[in-house]
Protein chains: 2
Amino acid sequence: MAVTALKAQTAERVRGVAATLEEEIVLGWLMPRERLIEEELAERLDVKRHVVREALAELERVGLVERVPNRGAFVKLLDPVEVRQIYLVREALETLAAEQIPLSAPDRLLSQLEKIQGVHSAAVASGDARAAFRANMIFHEALFAACGNPHLVELIQTMAQKVHGARSITAASAEHLALARDEHLGMIEAIKAGDRVRLVALCRKHLGPSRDAYIAAAEARVARSKPVTR
Amino acid sequence: MAVTALKAQTAERVRGVAATLEEEIVLGWLMPRERLIEEELAERLDVKRHVVREALAELERVGLVERVPNRGAFVKLLDPVEVRQIYLVREALETLAAEQIPLSAPDRLLSQLEKIQGVHSAAVASGDARAAFRANMIFHEALFAACGNPHLVELIQTMAQKVHGARSITAASAEHLALARDEHLGMIEAIKAGDRVRLVALCRKHLGPSRDAYIAAAEARVARSKPVTR
DNA sequence: GGCAACAGGATTGTCAACAATTATGTCGAG
DNA sequence: CTCGACATAATTGTTGACAATCCTGTTGCC
């Protein structure tokens, strides 16, 4: 994913690397507990080790990777309790935002959302999980940005990132992707209709599947292997 | 846990520097728009430049400083609109947390809060703004941590940090400190009495003064510098 | 007098070598 | 055969030097 500019300063490259790693985690290409070696990533992503280092620090702050001093970084394995807590907060935040999106929304917002959703639907149709993931993120950002409070949007994104590690199940499932697509379309309809109650309800409902799928999978995993890996 | 060890790894030292800078901003020792020079800070805080660099990056992420590539870092000047938005989110988050604090609270929590508040009250009495600030932060962390959702607590702290730059007015005012102290005591009482409504109301009210003081000051400043927009 | 080009200094950004730490493999003693 | 000490390799952490960039004051030209 070559970046556009010939000269990008470190900060931007760090974000790029972090975003790439994030994607690879969401798509299940990097698995939980997998070790992330700085030099290896530096070579693979064609970037200096220092940049990878900072990117890993950022992902640690977000909660996608774990880092222990002198030992390195790993993809974090989320436990169900944590996931539940995070989704609880997400629900509160997204509800708050959805309640502040101005209905009778500007046409600009609607056409923007429809355009983004077009990309998303196409990705879902062609089974391109990566493209679907990207379009999905853009859709939600655009949707919540309409609430007019950038700090709230930032928080929503932060919390969404936190559970990206728990999404490899749904992010690659055609079934789940199709459901997400339909719900997006429903949100657009709700905005069009000026139906706030329905919009908020949809946002809430939208969070459910990926949370439940992960929790179910995690609990099944725990049941399967008795001893706590340490 | 070793005492402030002779060997602390960079990550911890970064946090330390960031915390120090944060304090100096809150206390008004570093003023908005003031330039923060890496080498200078490195020498003053007895730390390598690289550490200062990372600390500044962290404070930028939080929103306390602004950084432009190749030009350096400045203490960010918050505009009133932003401050209002942030406080709106803070109110929502802290309300959510306060609603989840278990009433009939464990004695452990109460005695902990009372102990912390003892330190805070003492600091207020002796006019030690720095100590008061520290105790204040600890008080709120302990209070909200009781909600049982660490991710929510993290968000609350993040949002609190964002407006630290807007708090130099109240952080050094005896009047405001005394008010904060009384409100803290009120919260403890409310928990003791199992009065959730009162607790939530107090948390809400507690946010008001520093927000209003800053907005008033900022708007006065704007009015002064921009003659007559009638 | 004003303005543009230009040096000089100050500050930030990049890098690669070096040091410190931890994991891994080997060997000998019991 | 198992255990533990030791040597070795792999990886992360730290540092200082160097390069790139930007601000400032100055000079020379119109």
Side-chain angles (χ1 to χ4, degrees), chain A residues 2-18 20-21 24-25 30-77 229-230, chain B residues 1-2 4-18 20-21 24-25 30-77:
Chain A
V3 229
T4 51
L6 276 74
K7 55 165 184 179
Q9 292 228 278
T10 306
E12 300 172 43
R13 270 178 290 180
V14 167
R15 279 199 328 180
V17 170
T20 302
L21 258 32
E24 296 187 352
I25 291 172
L30 292 173
M31 296 287 284
R33 295 262 165 198
E34 181 167 350
R35 191 160 176 203
L36 301 173
I37 293 156
E38 296 179 357
E39 212 164 355
E40 185 184 301
L41 294 174
E43 194 182 0
R44 179 156 72 84
L45 303 175
D46 188 34
V47 94
K48 298 297 173 192
R49 188 158 73 95
H50 194 252
V51 176
V52 173
R53 204 175 171 65
E54 278 189 56
L56 289 175
E58 179 143 349
L59 291 179
E60 185 194 26
R61 242 170 271 122
V62 174
L64 270 179
V65 315
E66 223 168 346
R67 262 176 116 209
V68 332
N70 294 317
R71 295 225 349 227
F74 311 80
V75 179
K76 188 173 173 188
L77 177 63
T229 55
R230 167 94 178 95
Chain B
M1 215 135 8
T4 54
L6 279 72
K7 54 168 184 179
Q9 294 230 278
T10 306
E12 300 173 41
R13 270 178 290 179
V14 167
R15 279 198 327 180
V17 170
T20 301
L21 258 32
E24 296 187 352
I25 291 171
L30 292 173
M31 297 287 285
R33 295 260 164 197
E34 181 167 351
R35 189 158 177 206
L36 301 173
I37 292 156
E38 295 179 356
E39 212 164 353
E40 185 185 301
L41 294 174
E43 193 182 0
R44 179 155 72 84
L45 302 175
D46 188 34
V47 93
K48 297 295 172 194
R49 187 158 73 94
H50 194 252
V51 176
V52 173
R53 201 173 175 66
E54 278 189 55
L56 289 176
E58 179 143 349
L59 292 179
E60 184 193 27
R61 241 168 270 122
V62 174
L64 268 179
V65 315
E66 223 169 345
R67 261 176 115 206
V68 337
N70 294 319
R71 294 240 262 123
F74 311 79
V75 179
K76 187 174 173 187
L77 177 63

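In what follows, every heavy atom counts, from backbone to side chain, and hydrogens, waters and symmetry copies are set aside. Letters A, B, ... mirror the listed sequences (proteins, then strands); counts begin at 1.
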What nucleotide among [options] has an atom nearest to a side-chain atom of [X]?
{"X": "A:Lys48", "options": "D:dG13, C:dT11, C:dC15", "result": "C:dC15"}
{"X": "B:His50", "options": "D:dT15, D:dG13, C:dT12", "result": "D:dT15"}
{"X": "A:Arg53", "options": "D:dT15, D:dA17, D:dG13", "result": "D:dG13"}
{"X": "A:Arg49", "options": "C:dA17, D:dT21, D:dT11", "result": "C:dA17"}
{"X": "A:Arg71", "options": "C:dA23, D:dG16, D:dC22", "result": "C:dA23"}

Take the protein atom [atom1] of [X] and the nucleotide atom [atom2] of [N], then report the distance between them rounded to whole Å.
{"X": "A:Gln9", "N": "C:dT11", "atom1": "CD", "atom2": "P", "answer": "18 Å"}
{"X": "A:Glu40", "N": "D:dT11", "atom1": "CD", "atom2": "C1'", "answer": "11 Å"}
{"X": "A:Glu38", "N": "C:dT21", "atom1": "CD", "atom2": "C1'", "answer": "13 Å"}
{"X": "A:Glu54", "N": "D:dT12", "atom1": "CD", "atom2": "P", "answer": "16 Å"}
{"X": "B:Asn70", "N": "C:dA10", "atom1": "CG", "atom2": "P", "answer": "18 Å"}
{"X": "A:Ile37", "N": "C:dT24", "atom1": "CD1", "atom2": "C1'", "answer": "14 Å"}
{"X": "B:Leu56", "N": "C:dT12", "atom1": "CG", "atom2": "C1'", "answer": "11 Å"}
{"X": "B:Leu36", "N": "C:dT11", "atom1": "CG", "atom2": "P", "answer": "13 Å"}

**Item:** Ionic contact status for B:Glu38 with B:Arg53, cut-off 4.0 Å
**Value:** yes
**Request:** Please examine the side chains of B:Gln9 and A:Asn70, heavy atoms only from C-beta on, and report whether any two atoms are closer than 4.5 Å.
**Result:** yes
**Asked** Taking side chain as C-beta onward, heavy atoms only, is B:Leu41 less than 4.5 Å from B:Val17?
**Response** no
**Message:** Could you report the tightest heavy-atom contact between B:Pro32 and B:Lys76, atom names first, then the distance?
**Reply:** CB-O, 4.2 Å
**Asked** Can you name the closest pair of heavy atoms from B:Glu58 and B:Val14 and give their distance?
**Response** OE1-CG1, 4.2 Å
**Message:** Counting only side-chain nitrogens and oxygens, does B:Arg67 get under 4.0 Å of the OP1 or OP2 atom of C:dG13?
**Reply:** yes
